[in-house]
Amino acid sequence: MPVSATEITRRAPEPSSEEPVIRFVELWKSFGPKKIYEGLNLDVKKGETLTIIGGSGSGKSVLLKCLIGLMYPDQGQVLLHEENVAQMNEKQLREVRKRVSMVFQGAALFDSLSVGENIAYPLNEHLKLSHDELTERVARVLKLVNLPGVEHMRPSDLSGGMRKRVGLARAIAIEPEIILYDEPSTGLDPISTRVIDELILSMKEKLGCTQIVVTHDMDSAFRVSDRMAMLAHRKIVAQGTVAEFKASTHPDVRAFLDARAS
Ligand SMILES: Nc1ncnc2c1ncn2[C@@H]1O[C@H](COP(=O)(O)OP(=O)(O)OP(=O)(O)O)[C@@H](O)[C@H]1O
Ligand SMILES: [Mg+2]
């Protein structure tokens, strides 16, 4: 079911501009002997949806975690509006996490809390809402992800797809400026995947959010992206529009896209 355009009205649509909001600059990172990045560079422009593709274990999730200060690069800068997240203290990171929300791979819900309490958690942490406002906000975002009325259920009683959508509802509830989606539709049926894609498009068009999506689903990537970037060999090896990616002759991009067709 498509997301109703009237349900998200907070900000006027903003066209994407050339101004980078996020910049990964000369990033190096290893875990022990395993090298993850060797001089990775990537810019994300204001208001755009950029999709990162790449093989399992190539470092896509780690990149998103570096942006909210859950992980640090060994060298290089992670710039958010020109401020280096890689050097921030916990207090500064709290401010970052008010503006940058992440939909974690595998939802990452607290099983001891109800669905409603899970969604309310970051709201309580970052915003001062009245009880009624909070209840209304939780109900509204659950409706947006096509799960109205599940506030009182436990995450453990939900299907994998429903858990993913609750994770998404939690991320958008604080109405962030930037949203990071780590495999938001992996494991979902095609109709639920469409719902998530529509939501990603709405967050950009209606709220002007800047977004980074990590996905293995190329149909989703083609639907939601303004630009795409490929992570391979410890760097961003290719980036461009959807049309440019589809027509790319870059061997890594071709291998990735052609594997899907076969
Ligand atoms: N905390 C950690 N400690 C040690 N190694 C880690 C840690 N987190 C990630 N890694 C390793 O870093 C590499 C990149 O991990 P990451 O989770 O970013 O991959 P990914 O591209 O998201 O893969 P997938 O598509 O399977 O989710 C992997 O080899 C992973 O095992
Ligand atoms: Mg990952």
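Counting starts at 1 for both ligands and their atoms, in listed order.
Look at Arg140 and Glu136 and you find a salt bridge, because one of the NZ, NE, NH1 or NH2 atoms lies within 4.0 Å of a carboxylate O, short of that distance. In this structure, Asp111 pairs ionically with Arg163, as a charged nitrogen and a carboxylate oxygen lie closer than 4.0 Å.
Counting heavy atoms from C-beta on, the side chains of Gln239 and Arg227 come closer than 4.5 Å. Contact check for Val25 versus Leu79: side-chain heavy atoms found under the 4.5 Å cut-off. Pro148 is not listed as a side-chain neighbour of Leu142, based on a closest heavy-atom distance of 4.5 Å or more.
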Evaluation steps, salt bridge (charged side-chain N to carboxylate O under 4.0 Å, His left out), between Lys204 and Asp226
CA-CA 10 Å; Lys204 170 193 148 75; Asp226 295 306; 3.0 Å; yes
Pair Val21, Glu177 - check side chain to side chain contact (heavy atoms under 4.5 Å, CB included), show working.
CA-CA 10 Å; Val21 173; Glu177 172 195 334; 4.2 Å; yes
Go through the steps for Leu199 and Leu144 under the test side chain to side chain contact (heavy atoms under 4.5 Å, CB included), then give the verdict.
CA-CA 8 Å; Leu199 206 61; Leu144 270 178; 4.3 Å; yes
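Looking at Phe31 next to ligand 1, no N or O pair under 3.5 Å apart turns up.
Seen from the ring of Tyr37, Lys35 does not count as a face-on cation partner, given the 6.0 Å and 45° thresholds.
The protein reaches atom 2 (C) of ligand 1 closely, with a heavy atom under 4.0 angstrom from it. For atom 8 (N) of ligand 1, a protein heavy-atom neighbour is found at a distance under 4.0 Å.
Considering only non-hydrogen protein atoms, atom 14 (C) of ligand 1 sits nearest to Gly57 O, 3.4 Å. Looking at atom 27 (O) of ligand 1, its nearest protein heavy atom turns out to be Gln105 NE2, 2.9 Å. Protein heavy atom nearest atom 18 (O) of ligand 1, with residue, atom name and distance: Val62 N, 2.9 Å. At the top of the distance list for atom 26 (O) of ligand 1, counting protein heavy atoms only, stands Ser56 OG, 2.7 Å. Residue, atom and distance of the protein heavy atom nearest to atom 17 (O) of ligand 1 are Ser61 CB, 3.5 Å.
Ser56 lies apart from the Mg ion (ligand 2) in this respect, since none of its N, O or S atoms is found at a distance under 2.8 Å.
Atoms of ligand 1 lying under 4.0 Å from at least one heavy atom of Ile36, given by number and element, are 12 (O), 13 (C). Atom numbering of ligand 1 starts at 1 in the shown order; those under 4.0 Å from a heavy atom of His216 are 25 (O).
Proximity of Gly55 to ligand 1 is established by a heavy-atom distance of less than 4.0 Å. Not a single heavy atom of Gly54 lies less than 4.0 angstrom from ligand 1.
Under 4.0 angstrom from ligand 1, there are no non-hydrogen atoms of Leu231.
Taking all heavy atoms of Lys60, Lys34, Met71, Lys65 into account, the minimum distance to atom 21 (O) of ligand 1 is reached by Lys60.
Looking at Asn41, its side chain does come within 3.5 Å of a backbone N or O of Glu26 through a donor-acceptor pair.
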